[in-house]
Each structure stands twice: as structure tokens, then as C-alpha cells.
**Q** 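Pasting a structure below so you can have a look.
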Amino acid sequence: MVDLAYDRTTRRLAIGFADGARFTLGAEFLRVHSPSAEVKGHAGQGGTLVRGKARVAITGLDPVGTYAVKISFDDGHDTGLYSWPYLRDLCENADRYWAEYQAKVSQDRP
């Protein structure tokens, strides 16, 4: 079981796992790492580098069975289903994933 609590002021999602591990992730981080086809692409190909989401907020957290949560954002994005293992991976590797994202953004300047 996973416990989720969103703080609208800080735009951070607190995530607690059954083993007692607790993490927080920012809405921007979650948005740019959405597991949706828009961001990841189909079969891992053709995804979009999401930019300009520093002020994005979470507007909904809807459980999907017992395996995931659908996170809705105020920019209208709501197609990513964040499985519990995917959320755990994001939590445990957030610093590395954020650094990789920042590097991609700086290399892909319009």
C-alpha cells in the first residue's frame, strides 16, 4: 500500500510506502517524468521532451485498481498511470533522473 498526500503550497507530493520509506517529489518532476505515451513515446520511441512546467500543479490523484495512481495536472495532462513500482523508482532515483532531464533540456535548446 502507498500513502499519497499533496501539498498545494509547495506543489510537492509526499509518498509513503508499506516498508516505511517516505519521499517527496515535486509536481514539475512528476509531470516531466510522466509514464504517458506523450512523454515516453510508444514502445519507448518518439517521446516528447516536456518543458516549461516549473509552475505546474497537481489537480487530482485517482487510484487505478491496486497497482497505480492517475495523476492529473493543471496543464490538462492526465494520461499517465504511475504504477507503484514506477513511483518507487522515481523516488529512489530522483536526483539522477532530474540531472539527466536538465542535461537533455540544455542540449535541446530551440
**Q** How close do Ala103 and Ser106 get, heavy atom to heavy atom, and via which atoms?
**A** O-OG, 3.1 Å

**Q** Would you give the length of the straight line joining atom CG of Leu30 to atom CG of Leu13, rounded to the nearest 0.5 angstrom?
**A** 6.0 Å

**Q** Evaluate the side chain to side chain contact (heavy atoms under 4.5 Å, CB included) criterion for residues Ile71 and Asp78: first the C-alpha distance (whole Å), next the side-chain angles of each, then the deciding distance (0.1 Å), finally the verdict.
**A** CA-CA 6 Å; Ile71 302 178; Asp78 66 356; over 6 Å; no

**Q** Within the distance-only criterion (no hydrogens, no angle test), does the side chain of Thr48 pair as donor or acceptor with the backbone N or O of Glu38 below 3.5 angstrom?
**A** yes

**Q** Pick from Lys53, Lys40, His77: which one makes a side-chain contact (heavy atoms from CB on, under 4.5 Å) with Ser34?
**A** His77

**Q** Same cluster for Tyr82 and Tyr97 if Ile/Leu/Val/Met/Phe/Trp/Tyr side chains link at under 4.5 Å?
**A** yes

**Q** Are Asp3 and Arg22 ion-paired here, with the side-chain N under 4.0 Å from a carboxylate O?
**A** yes

**Q** Can any side-chain N or O of Tyr6 pair as donor or acceptor with the backbone N or O of Ile58 at less than 3.5 Å?
**A** yes

**Q** To the nearest 0.5 Å, how far apart are CG in Leu4 and CH2 in Trp84?
**A** 5.0 Å

**Q** Which word best sums up how the rings of Phe17 and Phe23 line up, parallel for under 30°, tilted for 30 to 60°, or perpendicular for over 60°?
**A** perpendicular

**Q** According to a hydrophobic-cluster definition based on side-chain heavy atoms being under 4.5 Å apart (Ile, Leu, Val, Met, Phe, Trp, Tyr only), do Leu61 and Tyr67 belong together?
**A** no

**Q** Do Lys104 and Glu100 meet the salt-bridge criterion of a basic N to acidic O distance under 4.0 Å?
**A** no

**Q** If you round to the nearest 0.5 Å, how far is SG of Cys91 from CZ of Phe29?
**A** 8.0 Å

**Q** Treating Tyr101 as the side-chain partner and Val50 as the backbone partner, does any N or O pair qualify as donor plus acceptor under 3.5 Å?
**A** yes

**Q** Do you reckon Leu25 sits in the same ILVMFWY cluster as Val105, going by side-chain contacts under 4.5 Å, direct or chained?
**A** yes

**Q** Before accepting this row, confirm whether a basic side-chain N of the pair Arg11/Asp74 lies closer than 4.0 Å to the acidic partner's carboxylate O.
**A** no

**Q** For Arg55, I'd like to know if atom CZ has over 12 heavy atoms of other residues, nucleotides or ligands within 6.0 Å.
**A** no

**Q** Mind checking whether Leu49 and Gln107 have side chains closer than 4.5 Å, heavy atoms only?
**A** no

**Q** Side chain to side chain contact (heavy atoms under 4.5 Å, CB included) between Arg88 and Asp19: does it pass, once the steps are laid out?
**A** CA-CA 11 Å; Arg88 182 69 180 243; Asp19 65 0; 2.9 Å; yes

**Q** Heavy atoms only: give me the nearest Ala57-Ala27 pair and the separation to one decimal.
**A** CA-CB, 4.2 Å

**Q** For the OG1 atom of Thr24 and the CZ atom of Arg12, what is their distance to the nearest 0.5 Å?
**A** 3.5 Å

**Q** Answer yes or no: is there a side-chain heavy-atom contact under 4.5 Å between Val32 and Trp98?
**A** yes

